[in-house]
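In what follows, a single structure is set out as structure tokens and then discussed.
What you see is a predicted model; the values in this text were computed from it and never measured.
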There are 2 protein chains.
Amino acid sequence: MLSKKTKYGLKALTFIARTGDDVPVQVSAIAKSEQIPQKFLEGILLTLRKAGILGSKKGKHGGYYLRSTPSDIKMTDVMRVLEGPIAMVPCVSLNYYEKCDDCPDEHACSVHKLMIEVRDSTLKVFRNKTLGDLSQV
Amino acid sequence: MLSKKTKYGLKALTFIARTGDDVPVQVSAIAKSEQIPQKFLEGILLTLRKAGILGSKKGKHGGYYLRSTPSDIKMTDVMRVLEGPIAMVPCVSLNYYEKCDDCPDEHACSVHKLMIEVRDSTLKVFRNKTLGDLSQV
DNA sequence: TGTAATCCCTACTAAATTGATAGGATTAAT
DNA sequence: ATTAATCCTATCAATTTAGTAGGGATTACA
């Protein structure tokens, strides 16, 4: 299941991308328009900023803005920041690899082989999708 | 993340498929070989039996066996039984569709569109994989 | 017929995760 | 100064996950 965090994060990014201007977008505006609990959203946008996807401006008339043009923001990056590893098991994760406790031999593991295929097919989707695609009407 | 339940279930099915004979396979044998807590595994195999994927025989020399040949057991079915919906959000699920509370218009939702692509690509993998493929050495 | 092996079923539990909420500190514009 | 914003930490309730416990029902076979 996709977490609410990811869902909200994607919606927020889309909203910011659609706004388009150079002025920062306030959390309150996003929260209201997308029906997201504001305090919860604050944390999500903070995460995206720390990951370098969003920039922020504090104080009055502050808010969040994209650090790159939407078509340069790849879903692989966004999803990894919001949802974590794309692989369904650590032993097939490219960025967060971890050996299974059980599996004596990874290459003989049926689950491993299956999950590599799932990972690759999901990666293909995320690599070919940018925020620009998402925010197109 | 793939749940342990699913992981164990897939390993157990693979084990049974590899055993191959007509004699039922005991939970204890699977648990030992695959390093799965036996009581936990019992419940998983029960689920698979209730879903019609496994058959069982009670009493001495009892155990579990496949209801179809491995190459007829599709991953779509297995995954749905063990892990639940293949879609990452209910609003793009083929078998467990549910409208989102928030989304006023599904077709305008950026998350929706993205998740349909992920679902389709994952489905393609599961539709083309059978237990027969998994259990090949 | 008795006994051991096996699946079957329900209930319980500890730990982790999720989806928030609360309260305030910090910063900047006016 | 005041106001409007982000930033940060802590807390919490509900849910899910992973596993345990205990026994019931069924069957093979000595």
Side-chain angles (χ1 to χ4, degrees), chain A residues 1-12 16 19 23-32 34-67 81-85 88-90 100-102, chain B residues 1-12 16 19 22-32 34-67 81-85 88-90 100-102 111:
Chain A
M1 271 283 290
L2 199 73
S3 65
K4 293 269 184 183
K5 181 181 174 187
T6 302
K7 192 185 180 190
Y8 293 161
L10 287 171
K11 286 193 167 196
I16 297 173
T19 300
V23 289
V25 182
Q26 282 97 47
V27 177
S28 58
I30 306 171
K32 196 177 169 192
E34 303 296 322
Q35 316 211 52
I36 303 170
Q38 178 161 343
K39 276 291 197 179
F40 191 23
L41 183 56
E42 271 187 24
I44 297 168
L45 297 186
L46 220 44
T47 305
L48 287 166
R49 196 217 58 190
K50 284 178 182 163
I53 292 170
L54 289 177
S56 69
K57 188 161 174 292
K58 284 192 193 172
K60 206 167 188 176
H61 299 171
Y64 288 94
Y65 53 89
L66 301 176
R67 293 280 299 271
V81 168
L82 293 172
E83 191 74 5
M88 294 185 81
V89 278
C100 299
D101 296 342
D102 34 335
Chain B
M1 272 282 291
L2 198 72
S3 66
K4 293 269 184 183
K5 181 181 174 187
T6 302
K7 192 183 179 190
Y8 293 161
L10 287 171
K11 285 192 166 197
I16 298 173
T19 300
D22 288 339
V23 289
V25 182
Q26 282 98 47
V27 178
S28 57
I30 306 171
K32 197 177 168 192
E34 302 298 321
Q35 316 210 51
I36 303 170
Q38 179 162 342
K39 275 291 196 177
F40 191 22
L41 183 56
E42 272 186 25
I44 297 168
L45 297 186
L46 220 45
T47 305
L48 287 165
R49 195 217 59 190
K50 283 178 182 163
I53 292 170
L54 289 177
S56 69
K57 188 160 173 292
K58 283 191 194 172
K60 207 167 187 176
H61 301 171
Y64 287 95
Y65 53 89
L66 301 175
R67 292 282 298 273
V81 167
L82 292 172
E83 192 73 6
M88 294 186 81
V89 278
C100 299
D101 296 342
D102 34 336
V111 178

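- To the nearest angstrom, C1' of D:dA4 lies 9 Å from CD of A:Gln26.
- Atom P of nucleotide D:dT6 and atom CG of A:Leu54 are separated by 11 Å, given to the nearest angstrom.
- Computed from coordinates, the A:Gln35 CD to C:dG19 P distance equals 17 Å when rounded to whole Å.
- Under the 4.5 Å side-chain criterion, counting only non-hydrogen atoms from C-beta, A:Val27 is in contact with A:Tyr64.
- Atom CD1 of B:Ile30 and atom P of C:dT6 are 12 Å apart (whole Å).
- The shortest distance between the side-chain N/O atoms of B:Tyr65 and the OP1/OP2 oxygens of C:dC7 is not below 4.0 Å.
- Distance OG1/A:Thr19 to CD1/A:Ile30: 7.5 Å, rounded to 0.5 Å.
- In this structure, A:Ile53 and A:Thr47 have side chains that are not in contact, with every pair of non-hydrogen atoms separated by 4.5 Å or more.
- For A:Glu42 against D:dC7, a side-chain-to-base donor-acceptor contact under 3.5 Å is present.
- Contact annotation for A:Gly63: backbone-only contact, meaning every heavy-atom pair under 4.0 Å involves sugar-phosphate atoms and none involves a base.
- From B:Leu45, atom CG reaches atom CD1 of B:Ile36 across 8.0 Å, with rounding to the nearest 0.5 Å.
- Following rounding to the nearest Å, A:Glu34 (CD) and C:dG19 (P) show an atom-to-atom distance of 17 Å.
- Taking the side chain as every heavy atom from C-beta outward, B:Met1 and A:Pro90 approach each other to under 4.5 Å.
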Grab the N/O contacts between the protein and nucleotides 25-30 of chain C below 3.5 Å, and write none if there aren't any.
none

Item checked: Letter per nucleotide, 5' to 3', of nucleotides 16-21 of chain D [B base touched, S only sugar-phosphate touched, - untouched; heavy atoms, 4.0 Å] -> --SBB-

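- Side-chain N/O atoms of B:Arg49 include none lying less than 4.0 angstrom from OP1 or OP2 on C:dC7.
- Counted by atom type alone, B:Gln38 and B:Ser28 present zero donor-acceptor pairs between their side chains at under 3.5 Å.
- Going from atom CD1 of A:Ile44 over to atom C1' of C:dT18 covers 11 Å, rounded to whole Å.
- Using a 4.0 Å heavy-atom criterion, one finds that A:Lys50 contacts the sugar-phosphate atoms exclusively.
- Interatomic distance, OG1 of B:Thr6 versus NZ of B:Lys11, reported as 13.0 Å (0.5 Å rounding).
- One distance of note links CG of A:Leu41 with NZ of A:Lys39; it measures 11.5 Å at 0.5 Å rounding.
- Between A:Pro24 and A:His61, the shortest heavy-atom distance links the atoms CG-O, 3.8 Å.
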